[in-house]
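Only one structure is covered here, and it is reproduced in the block below.
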Amino acid sequence: MTIVLHTQKEIEMARAAGHAAARVLEMIAPHVRPGISTDEIDRICHDYLVNELNVIPANIGYHGYTKTVCTSVNHVVCHGIPSDKLLKKGDIVNIDVAIIKDGWYGDTSRMYFVGEPSIRARRLVEVTYDSMVAGIKTVRPGATLGDIGAAIQRVAEDAGFSVVREYCGHGVGREYHDEPQILHYGIPGTGIVLEPGMIFTIEPMINAGKPATSVLSDGWTVVTKDRSLSAQWEHTVAVTETGYDLLTPWPDGVGHYAPL
């Protein structure tokens with residue numbers, strides 16, 4: 001396994017791509033409302049990427065994927081394909097965007113409420129965010145990948161939720177998906193030791209029910225087997241000499257969520 005250790009100049013290139021990706025998620029927030037289709041969300045994101053940010057949508061053509069973003073609604077865990085289906089009041093939706101800027105990939109996702117969610121849905125989304133933060137805050141030289149996964153798993157399971165096992169975070173930079181793989185569960189002190197210059201995503205998928213998932217016939221859409229709600233947040237981080245550097249901060253801030 002080869003893990004790229006990036007220079008500070010390279011991290012700045014990755015940061016520029018990450019910031020561009022995060023701007024897309026800020027831009028689309030007001031559009032996420034009852035009655036809009038996920039296809040329309042995808043179109044708006046595409047136009048903004050191409051015409052305003054002048055960057056390349058990384059997902060189009062990736063292993064045959066045809067859309068700009070992934071829109072994962074309610075019991076969809078990840079890789080939901082935008083369609084003509086309309087969002088309705090009470091839905092929760094993850095929008096996942098990846099872009100290419102000057103040869104570097106930016107990758108991030110966040111959750112949105114469509115109107116007022118149920119108490120349980122809101123709790124799931126908030127706990128999933130907190131689990132991501134717990135994982136990110138373990139990142140520093142000398143820590144291990146097992147430390148990241150264990151921190152995420154502890155927050156999620158202490159709240160009565162479960163961690164998806166089949167999908168994980170990943171190295172990112174000049175490659176979209178690179179080493180190392182970042183599991184969202186684990187044992188402290190185990191796995192690869194973190195070093196300055198590593199860049200990777202932390203993107204836990206947390207289910208309200210059991211952790212098992214299945215893939216629909218389209219070959220992309222991942223759903224919970226028990227049809228329970230699922231939530232996901234994603235940031236890209238770089239390992240620094242003293243801790244971590246958040247490369248995908250949201251321009252509009254984090255609202256009532258815990259800052260990083």
Side-chain angles (χ1 to χ4, degrees), residues 25 29 32 70-80 87 89-96 108-140 143-170 181-191 200-214 222-237 243-244 246 248-250 253-260:
L25 297 182
V32 182
C70 296
T71 50
S72 301
V73 183
N74 294 335
H75 69 282
V76 178
V77 175
C78 59
H79 304 159
L87 295 179
K89 189 179 298 184
D91 285 344
I92 60 172
V93 57
N94 174 274
I95 300 177
D96 192 337
T108 184
S109 81
R110 64 192 288 184
M111 294 297 298
Y112 301 84
F113 297 127
V114 185
E116 183 62 30
S118 68
I119 293 173
R120 185 161 179 78
R122 181 179 292 278
R123 175 65 173 154
L124 173 66
V125 169
E126 291 175 345
V127 167
T128 303
Y129 178 88
D130 289 343
S131 74
M132 178 190 66
V133 170
I136 290 173
K137 287 189 173 180
T138 67
V139 173
R140 64 185 185 282
T144 68
L145 294 185
D147 295 336
I148 296 173
I152 291 167
Q153 184 177 6
R154 182 168 55 251
V155 171
E157 293 183 351
D158 282 355
F161 299 132
S162 63
V163 180
V164 170
R165 262 57 174 181
E166 295 92 337
Y167 303 92
C168 60
H170 53 88
Q181 295 189 29
I182 311 298
L183 302 182
H184 302 121
Y185 60 94
I187 300 172
T190 64
F200 48 78
T201 69
I202 295 178
E203 48 182 300
M205 288 143 274
I206 308 299
N207 295 346
K210 295 180 179 179
T213 67
S214 59
V222 179
V223 299
T224 54
K225 274 193 174 180
D226 60 9
R227 295 302 190 267
S228 63
L229 293 174
S230 187
Q232 179 188 22
W233 299 82
E234 175 185 12
H235 269 308
T236 298
V237 299
Y244 67 88
L246 187 68
T248 50
W250 299 316
V254 296
H256 71 281
Y257 295 102
L260 274 164

Identify the two heavy atoms, one from F113 and one from A121, that lie closest to each other, and give their separation to 0.1 Å. CE2-O, 4.4 Å

Any side-chain heavy atom of F161 within less than 4.5 Å of one from V155? no

Please lay out, stage by stage, how T108 and E203 fare under the test side chain to side chain contact (heavy atoms under 4.5 Å, CB included). CA-CA 8 Å; T108 184; E203 48 182 300; over 6 Å; no

Is there a side-chain contact between V254 and L260 in this structure, where contact means two heavy atoms from C-beta onward sitting under 4.5 Å apart? no

Taking G189's backbone N and O only, do any of them form a donor-acceptor pair with D147's side chain (distance below 3.5 Å, no angle check)? yes

Roughly how far, to the nearest 0.5 Å, is CD1 of I202 from OH of Y244? 9.5 Å

Looking at every non-hydrogen atom in both residues, tell me the closest pair between A156 and S131 and how far apart they are. N-CB, 4.5 Å

Scanning both residues in full, the closest heavy-atom pair of S72 with G80 reads OG-N, 3.2 Å

Point-to-point distance, once rounded to the nearest 0.5 Å, from CD of E234 to NE2 of H170: 5.5 Å

S214 OG to K225 NZ distance, which is reported to the nearest 0.5 Å: 6.0 Å

Any chance the side chains of H75 and T224 put a donor and an acceptor closer than 3.5 Å? no

Minimum side-chain heavy-atom gap F200-T236 below 4.5 Å: no

Whether the side chain of H184 engages the backbone of V164 through a donor-acceptor N/O pair (distance < 3.5 Å, no angle test) should be reported. no

Minimal heavy-atom distance between S162 and P211, with the atoms involved, is OG-N, 3.2 Å

Aromatic rings W250 and Y129: how do their planes relate, parallel, tilted or perpendicular, breaks at 30° and 60°? tilted

More than 12 heavy atoms of other residues, nucleotides or ligands under 6.0 Å from CD1 of I187: yes or no? no

Report the distance from atom OG1 of T213 to atom CD of E166, rounding to the nearest 0.5 Å. 3.5 Å

Starting from the C-alpha separation in whole Å, work towards a yes-or-no answer on side chain to side chain contact (heavy atoms under 4.5 Å, CB included) for V32 and I95. CA-CA 10 Å; V32 182; I95 300 177; 3.9 Å; yes

Are the side chain of D226 and the backbone of K210 linked by a donor-acceptor contact shorter than 3.5 Å? yes

With a 3.5 Å distance limit and no angle check, can you tell me whether T201 reaches the backbone of G169 through a side-chain donor-acceptor pair? no

Do the side-chain N and O atoms of N94 and S109 include a donor-acceptor pair separated by under 3.5 angstrom? yes

For the residue pair M111 and T128, establish whether any side-chain heavy-atom pair is separated by less than 4.5 Å. no

How long is the span from the CD1 atom in I206 to the CG atom in L229, to the nearest 0.5 Å? 13.5 Å

Any side-chain heavy-atom pair of Y257 and V125 under 4.5 Å: yes

Of the non-hydrogen atoms in I92 and P117, which two are nearest, and what is the gap between them? CG2-CB, 4.3 Å

How many angstroms lie between SG in C168 and CG in L183, if you round to the nearest 0.5 Å? 5.5 Å

Closest contact, heavy atoms only, A159 versus R123: CB-NH2, 4.0 Å

Donor-acceptor contact below 3.5 Å, side chain R154 vs main chain A134: no

Any donor-acceptor pair under 3.5 Å from S228 side chain to N207 backbone: no

Would you indicate whether the side-chain heavy atoms of Y167 and Q232 approach each other to under 4.5 Å? no

